[in-house]
> 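My questions all concern the structure below.
Predicted, not measured: the structure shown is a model, and the values here were computed from it. Residue numbers start from 1 in every chain, and the chains themselves are labelled A, B, ... in the order their sequence lines are given, proteins ahead of strands. Hydrogens, waters and symmetry mates are skipped; everything else that's a heavy atom, side chains included, is used.
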Number of protein chains: 2
Amino acid sequence: MRRNELAEIQALPLFSGLRDDSFESLLRGAYVQNFPPQIELIREGDPADFLHVVVEGTVELFASWNGRETTMATVRPIATFILAATIKDGPYLMSARTVEKARIILLPSIDVRNIFEADANFAKAIVLELSQCYRSVIKASKDMKLRNSVERLANYLLKKDIENGGNGQFDLSIEKRRLASYLGMTAENLSRAIKSLKDYGVEIEGSKVTIKSAETLGSLAKPTPLIDDPAY
Amino acid sequence: MRRNELAEIQALPLFSGLRDDSFESLLRGAYVQNFPPQIELIREGDPADFLHVVVEGTVELFASWNGRETTMATVRPIATFILAATIKDGPYLMSARTVEKARIILLPSIDVRNIFEADANFAKAIVLELSQCYRSVIKASKDMKLRNSVERLANYLLKKDIENGGNGQFDLSIEKRRLASYLGMTAENLSRAIKSLKDYGVEIEGSKVTIKSAETLGSLAKPTPLIDDPAY
DNA sequence: CTTGTGCCTTGATATTTATCAAGAGGCTAG
DNA sequence: CTAGCCTCTTGATAAATATCAAGGCACAAG
């Protein structure tokens with residue numbers, strides 16, 4: 001593991017409160033791996049042997065049923081997945097694959113659980129992390145049940161715009177078919193949804209997004225922190 | 001608070017590991033309230049002042065946006081809601097109302113957070129509870145994104161059948177319009193979905209459900225523990 | 001008993017979303 | 001440079017789902 005990676009991991013809220021000896025013993029069993037694109041890292045249903053930390057590249061979490069597949073989330077550095085399965089010692093509920101080549105740190109689940117038992121600080125940090133994760137999924141669920149596909153896209157774009165400085169210009173940084181799946185629609189439907197947002201001042205050329213007026217788009221999107229603010 | 005209620009609460013996995021002094025100080029600020037049906041208990045966006053414990057009756061969690069509303073969950077005794085907001089000291093992401101008259105214990109969030117800080121056992125129990133909640137919502141999200149409305153209904157019925165002993169006979173125990181909302185469809189659509197399940201041996205008269213052959217229904221529903229097993 | 005009231009169902013129709021098929025454009029290996 | 005591959009788009013059509021309107025049924029209040 002590289003030194004700066006070590007520092008970055010330790011800086012994560014999840015790990016920053018750990019006792020020194022806890023962090024050390026967590027790292028003792030850890031190892032780093034580099035993966036090419038399109039590699040399946042974990043498969044839903046498998047036992048959660050490792051807590052994964054993405055330190056470079058992009059990982060997609062997805063789920064399958066009856067021949068269908070849907071993107072659940074995209075994980076970018078520095079972030080972990082999937083904590084809940086590790087803690088519960090349960091099977092993964094989602095599969096994961098690399099999108100771009102990725103560098104990932106693997107922390108044996110058994111170590112994570114042991115330190116969770118032994119270090120109250122870690123337990124507290126996990127509580128906060130899980131609360132955050134839980135609330136994110138609730139928000140995603142509300143998004144899916146309360147909005148149609150154009151509204152979901154509109155709110156997605158507004159959120160990404162804010163993430164990128166809010167100047168109305170940013171890069172999509174995700175393939176459209178993956179975005180479509182994430183937003184719960186087909187690629188064809190996303191194409192048409194994008195076209196229909198032209199009336200609201202949205203221009204998407206390739207991966208370059210331009211929002212002429214966040215206010216105009218907002219009149220359609222009607223964003224609310226109770227669905228769209230990741231920090232809420 | 002009644003004595004048997006006290007015992008039931010203490011028996012919850014969330015509270016059973018607490019130190020005696022922690023449990024005592026948690027109860028010190030607690031109070032019980034009885035609510036008539038159709039009372040709004042909490043409103044999404046409000047600060048999470050209390051952790052709620054349902055000891056009697058039924059509570060519906062729901063969310064609203066832009067004049068639309070959707071049922072997120074139904075809470076029955078003995079169970080808590082909403083833990084994550086309490087811990088994070090964040091706003092509620094869902095509203096709650098009584099369906100039948102309900103008896104609810106209110107634990108001030110500040111006390112919950114204080115004890116969470118002071119009692120490592122409580123922190124651990126919260127981690128397990130939140131993991132469970134998180135995974136439940138992930139499963140609900142997969143259900144919603146991967147299945148159409150008839151498939152969701154079919155799997156819902158199979159799950160409820162198992163909950164009720166798996167003999168193919170049980171009571172719906174939820175109004176159909178509420179069930180429709182929970183399953184992410186309109187009441188009209190649910191009516192038609194029920195009719196279409198007749199071909200698979202499902203009879204619903206009023207609230208009485210009969211599944212002639214779980215296997216036949218399963219051939220449509222294709223249940224998987226990775227979506228449909230609450231314990232997974 | 002009867003008269004609401006609320007829930008559920010049904011039919012007709014509209015809207016949303018998916019599917020299928022084809023073609024445009026860009027990227028890359030050879 | 002070019003062939004092949006992949007993604008994205010577009011059009012046509014089908015399927016799924018929602019909306020609107022009306023009526024039936026059960027239950028509760030008077």
> Return the residues of residues 172-194 of chain A meeting this criterion: a heavy atom under 4.0 Å from some atom of DNA chain C. Order them by number, or give none.
A:Gly184, A:Met185, A:Thr186, A:Glu188, A:Asn189, A:Arg192
> Flag the pair A:Asp143 and A:Lys159 as a salt bridge only when some basic side-chain nitrogen lies within less than 4.0 angstrom of an acidic carboxylate oxygen.
no
> In terms of side-chain geometry, is the basic nitrogen of B:Lys208 or B:Glu205 positioned less than 4.0 Å from the acidic oxygen of its partner?
no
> Using chain A heavy atoms and a threshold of under 4.0 Å, write down where along DNA chain D the contacts begin and end, 5' to 3'.
D:dT7 to D:dA12
> If the threshold is 4.0 Å, N to carboxylate O, is there a salt bridge linking A:Arg2 and A:Glu56?
yes
> From CE of A:Met144 over to P of C:dT17, roughly how many Å is that when rounded to an integer?
11 Å
> Salt bridge between A:Arg103 and A:Glu5, side-chain N to carboxylate O under 4.0 Å?
yes
> Output the residues of residues 200-209 of chain B in contact with DNA chain D, where contact means a heavy atom of the residue under 4.0 Å from an atom of the strand; sort by number or write none.
none
> Could you list the residues that satisfy side chain to side chain donor-acceptor pair (under 3.5 Å) with B:Asp49, not counting sequence neighbours?
none
> Could A:Lys142 and A:Asp228 be called an ion pair, given the rule that one side-chain N must be under 4.0 Å from one carboxylate O?
no
> Do side-chain atoms of B:Ser141 reach the backbone of B:Val137 as a donor and acceptor pair under 3.5 angstrom?
no
> Using modelled atom types only, decide if a donor and an acceptor are shared between the side chain of A:Trp65 and the backbone of B:Thr224 within a distance under 3.5 Å.
no
> Could you tell me how the ring of B:Phe81 sits relative to the ring of B:His52: parallel (under 30°), tilted (30 to 60°) or perpendicular (over 60°)?
parallel
> Tell me, which of residues 58-71 of chain B have any heavy atom that sits under 4.0 Å from an atom in DNA chain C?
none
> Is the shortest distance from a Lys or Arg side-chain nitrogen in A:Arg68 or B:Glu151 to a carboxylate oxygen in the other one below 4.0 Å?
yes
> Kindly write out the residues that satisfy side chain to side chain contact (heavy atoms under 4.5 Å, CB included) with B:Ser181, not counting sequence neighbours, or none if the list is empty.
B:Thr70, B:Thr71
> Taking CD from B:Glu151 and P from C:dA18, how many angstroms apart are they, rounded to a whole number?
13 Å
> Salt bridge or not for B:Glu60 and B:Arg178, using N-O below 4.0 Å?
yes
> Taking 4.0 angstrom as the limit, do B:Glu69 and B:Arg97 come out as a salt bridge?
yes
